[in-house]
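Both ligands and their constituent atoms are indexed starting at 1 by order of listing. Side-chain atoms are counted along with the backbone in the values below, which use heavy atoms only and exclude waters and symmetry mates.
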Amino acid sequence: MTHQYEAIMATARRIALEAGAIQMRYFRNLDRYEKKGEIDLVTVADRECEELIHREILGDFPDHAVLGEEGGRYGSDTADYLWIVDPLDGTTNYAHGLRLFAVSIGVTFQGRVIAGVVYAPALDELYTATRGGGAFRNLQQIRVSETGTLQDALLVTGFPYDRADHVKPLMTMLGECVKSSRGILRLGAAALDFAMVAAGHLDGFYEYGLKPWDMAAGSLLVEEAGGRVTDFHGEQPFDLFGKRCVATNGRIHGELLRTITVDGGAHSFPR
Ligand code: IPD
Ligand code: CA
Ligand code: CA
């Protein structure tokens with residue numbers, strides 16, 4: 001790791017731990033949440049975490065920029081380094097007192113993710129990766145699974161907040177995966193979906209409607225754990241702003257892409 005990457009990782013790790021501490025302070029003591037949309041929630045923890053994260057990033061790296069889910073973009077418009085942050089991924093789980101939530105911090109250099117941290121404080125799991133440096137959980141190196149067929153694969157997916165507009169393709173993809181795989185979960189926190197694929201517990205993840213902050217850190221975890229991350233057409237590098245993601249152990253990638261495309265499924269969403 002270069003000196004600059006080390007400094008970036010040190011900051012990313014530190015602020016992920018601090019944001020996790022804020023999340024735990026309010027966890028199960030939330031007296032209210034607000035609705036951003038019909039089912040899209042935001043809590044005081046989302047807002048406090050993002051505030052802390054962007055303040056500390058720009059404090060350590062004043063010439064970098066930050067893109068956060070709750071506050072949009074801060075910092076220089078021409079920065080080479082853009083930090084893409086989900087201050088609390090899995091807000092619905094969090095508001096319901098479920099432990100599957102995380103802070104997700106991905107750092108891009110000229111558009112390519114070079115470092116990622118996902119911290120799930122209620123699980124005591126800190127996932128980290130740097131481009132070319134491997135992926136780790138609590139400092140232990142992790143690898144994707146060796147599952148070779150979809151029939152033996154445990155999958156995970158998620159549904160976007162505007163799911164009502166896309167019920168048909170979402171259900172077509174889900175139905176094909178139910179038929180063809182060992183099982184399919186919906187955990188409710190995309191950053192952890194990637195982390196579970198990276199750690200080899202799950203074999204594949206696909207989702208339509210993801211935002212860059214859902215994918216930046218997690219996609220690097222999967223790649224650095226030996227897996228593959230593409231859009232629904234198998235394109236690499238996939239577009240962080242392209243809403244579509246398939247992340248697998250690599251071995252089942254082609255089969256999963258074919259399966260979610262049956263009956264038009266994955267290719268029926270608007271561009
Ligand atoms: C959501 C979660 C969920 C995914 C949604 C995301 P949020 O993020 O990652 O798993 O299905 O598409 O928006 O709103 O909890 O940060
Ligand atoms: Ca999210
Ligand atoms: Ca969020």
What are the protein N/O/S atoms, named by residue and atom, that sit under 3.0 Å from the Ca ion (ligand 3)? E69 OE1, D86 OD1, L88 O
Subset of ligand 1 atoms that lie under 4.0 Å from at least one heavy atom of [X]:
| X | result |
| --- | --- |
| G188 | 2 (C), 3 (C), 10 (O) |
| G90 | 7 (P), 15 (O), 16 (O) |
| D86 | 16 (O) |
| T91 | 15 (O) |
| G158 | 11 (O) |

Heavy-atom nearest pair, A190 first then L210, reads CB-CD2, 3.8 Å
I want to know if ligand 1 touches [X] in the polar sense, i.e. an N/O pair below 3.5 angstrom.
| X | value |
| --- | --- |
| A191 | no |
| G209 | no |
| T92 | no |
| P160 | no |

Is there a donor-acceptor contact under 3.5 Å linking the side chains of T11 and D60? yes
Quick one: look up the protein heavy atom nearest [atom] and list residue, atom name and how far away it is.
| atom | result |
| --- | --- |
| atom 4 (C) of ligand 1 | E207 OE2, 3.2 Å |
| atom 7 (P) of ligand 1 | Y161 OH, 3.6 Å |
| atom 8 (O) of ligand 1 | D89 OD1, 3.1 Å |

Go through it in stages, so that I can follow the logic: the residues are Q23 and Y119, the test is side-chain hydrogen bond (donor to acceptor under 3.5 Å, both in side chains), and I'd like the CA-CA distance, side-chain angles, deciding distance and then a yes or no. CA-CA 11 Å; Q23 294 172 1; Y119 178 47; over 6 Å; no
Given side-chain hydrogen bond (donor to acceptor under 3.5 Å, both in side chains), test Y74 with E50 step by step and report yes or no. CA-CA 11 Å; Y74 317 79; E50 181 155 326; 3.2 Å; yes
May I ask you to test the [X]-[Y] pair for a side-chain heavy-atom distance under 4.5 Å?
| X | Y | result |
| --- | --- | --- |
| L88 | E69 | no |
| W213 | V85 | no |
| L170 | F159 | yes |

Hits for side-chain contact (heavy atoms from CB on, under 4.5 Å) against Q236, two or more places apart or cross-chain, chain-then-number order -> R228, T230
Tell me, yes or no, whether the heavy-atom count around K36 atom NZ, taken from other residues, nucleotides or ligands under 6.0 Å, exceeds 12. yes
For ligand 1, the portion of L88 having any non-hydrogen atom under 4.0 Å away: backbone
Relative to ligand 1, is E69 under 4.0 angstrom through side chain, backbone, both or neither, heavy atoms considered? side chain
Of all pairs that satisfy ring-ring contact (aromatic ring centres under 6.0 Å, His included), the ones with a partner from residues 233-271, not counting sequence neighbours: H166-F269, Y208-F269, H233-H267
Qualifying ring-ring contact (aromatic ring centres under 6.0 Å, His included) pairs with a residue from residues 134-155, counting only residues at least two apart or across chains: none
Carboxylate-amine/guanidinium proximity below 4.0 Å for E18 and R14: yes
Should E176 and K179 count as an ion pair when the cut-off is N to O under 4.0 Å? yes
With a 4.0 Å cut-off on heavy atoms, is N93 touching ligand 1? no
Quick one: does R186 get within less than 4.0 Å of ligand 1, heavy atoms only? yes
